[in-house]
2 protein chains.
Amino acid sequence: MTTLGYALLGLLAREPLSGYDLARQLKHPVGFFWPARHSQIYPELAALEAAGLVTHEVVEQPDRPDKKVYAITEQGQTVVREWVTSPMDVPSVRDELVLRTYCLWLAEPDKLRALFQEHAARHAAQLAEYEGYEHECREHAPEALHDTWSPLFAKYATLRRGISYEREYLEWCNWVLSCITAQDTDG
Amino acid sequence: MTTLGYALLGLLAREPLSGYDLARQLKHPVGFFWPARHSQIYPELAALEAAGLVTHEVVEQPDRPDKKVYAITEQGQTVVREWVTSPMDVPSVRDELVLRTYCLWLAEPDKLRALFQEHAARHAAQLAEYEGYEHECREHAPEALHDTWSPLFAKYATLRRGISYEREYLEWCNWVLSCITAQDTDG
DNA sequence: TCTCACATGTAACTAGTTACATGATTGC
DNA sequence: GCAATCATGTAACTAGTTACATGTGAGA
């Protein structure tokens, strides 16, 4: 089993979805922490079905092309439930901006400032998007936030992580900017 | 050029190193944001040399096996300097713990608590390590922190990022723990 | 003698990306 | 007629991981 396989099972444990819908969810909002393209999703679904973890039925749509709607099986539910709390190896984080920061002393000051300004803007935008989702969550289902074992709380918890991650990243970008701007005339 | 190639050039822009030394640095401290194994590093060095970005000389050591010490060329310096501020596509972040969090409603409460306790401990340990490096940095070369275009400031800047990242992650783990512990009897 | 750190490589595999490929239906 | 969204697939490539492979020298 690949991690993507578990990701798909996790989504299908909430509701039956087509490959297309799964691809959409793996862009927003799940895609913020586990993105995947359709070219990876379709073969993975076939593998999950071969393993007996999901089934599909073809749903005919009058106004749109037919689709295959996948549903999780009993066995699939067992597998995903076990996975959630199974031992995890230390994840490897790769961040190209931090790598570039390690080499920042080589760069031209003006271009460097532009780079960090761009990233600050990106993270500010992402933060705003997460905060929008969080607001929706609070408005739409405030009771879910108190039921820790509801799917909605799980979504809320990932949003909290996204928000604090982006806020922290943004603050760091601004700190770097303040450092490299203070020494404007040195470069 | 791969990102690893630039990472190696960035390290060699600071000082000449052997493949073995590069591998060590790509575990600690650079490895915290761009890990790589020796099996990837040695072929990459050969590619960089073929492209004229680095050269090597064999250094004989009386007490240890001979080694190839790589040095960056003029051309290599130009390439790495350009790269630092070149346009960057939006990086894709994959975090399996956040993915699992999205599925946390499926899990057994006790096991889930254990999972988050383990991760909280990991991030606390990583935070302590970064803070140790930062302390060293401050003690050893306090003047570097005021010279934004020194290699030491660049290192310090990545450390600041590591520290705030780990602190934020740790806080989030503890927040999740407080949520799932408050509802102890529900599961 | 055995283990550890130093030192350098190759081979096989896996996950993920990019590109290729097809086709329905709606709205401009 | 053309572009956009919905819908599903395959092929080729790239980066990264795991495993295989070899050898030196120091110290216990």
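Here is how names work: the chains are called A, B, and so on, in the same order as the sequence lines, proteins then strands, and each is numbered from 1.
- Side-chain N/O atoms of A:Gln61 include one lying less than 4.0 angstrom from OP1 or OP2 on D:dA7.
- With a 4.5 Å cut-off on side-chain heavy atoms, A:Glu129 and A:Phe32 count as touching.
- Note: A:Tyr165 and A:Tyr169 have perpendicular aromatic rings, judged against thresholds of 30 and 60 degrees for the angle between ring planes.
- Distance, A:Glu49 CD to D:dT8 C1': 14 Å, rounded to whole Å.
- In the interface, the side chain of B:Thr2 is not paired with the base of D:dT14 through any donor and acceptor atom under 3.5 Å apart.
- In this structure, the NE2 atom of A:His38 is 14 Å from the P atom of D:dC6, given to the nearest Å.
- Among the atoms of the strands shown, base atoms are found under 4.0 Å from some heavy atom of A:Arg37.
- The residue among B:Gly19 and B:Arg94 whose nearest nucleotide of DNA chain C is located toward the 5' end is B:Gly19.
- In this model, the phosphate group of C:dC6 is approached by a side-chain N or O of B:Arg24 to a distance below 4.0 Å at OP1 or OP2.
- Put simply, the side chain of B:Arg167 reaches to within 4.5 Å of the side chain of B:Glu131, judged on heavy atoms.
- Atom pair A:Arg64:CZ and D:dT8:C1' shows a separation of 15 Å (rounding to whole Å applied).
- Comparing A:Pro65 and A:Pro43, the nucleotide of DNA chain D nearest to each residue sits closer to the 5' end for A:Pro65.
- Atom C1' of nucleotide C:dG23 and atom OH of A:Tyr42 are separated by 13 Å, given to the nearest angstrom.
- At a threshold of 4.0 angstrom between heavy atoms, the contacts of B:Thr3 with the nucleic acid are absent.
- Phosphate proximity of C:dA24 to A:Lys67: absent, as no side-chain N or O sits under 4.0 Å from OP1 or OP2.
- Checked against the 6.0 Å centroid criterion, the rings of B:Trp172 and B:Phe116 qualify as a close aromatic pair.
- Between A:Ile41 atom CD1 and D:dT8 atom C1' the separation is 12 Å, expressed in whole Å.
- Whole-Å rounding puts the A:Asp21 CG to D:dT5 P distance at 16 Å.
- For A:Gln40, whose side chain is taken as the heavy atoms from C-beta onward, the closest listed nucleotide among C:dT8, C:dT17, C:dT25 is C:dT17.
- Between B:Tyr20 and C:dT8, a side-chain N or O to OP1/OP2 separation shorter than 4.0 Å is absent.
- Atom-to-atom, CD of A:Glu44 to C1' of C:dA15 comes out at 10 Å; the value is rounded to the nearest Å.
- Side chain of B:Ser92, nearest nucleotide from D:dT18, C:dT17, D:dA7: C:dT17.
- Geometrically, A:Arg14 engages B:Tyr102 in a cation-pi contact, judged by NZ or CZ lying under 6.0 Å from the ring centre and within 45° of the ring axis.
- Taking atom CG of A:Leu4 as the reference point, atom C1' of C:dT14 lies 13 Å away to the nearest angstrom.
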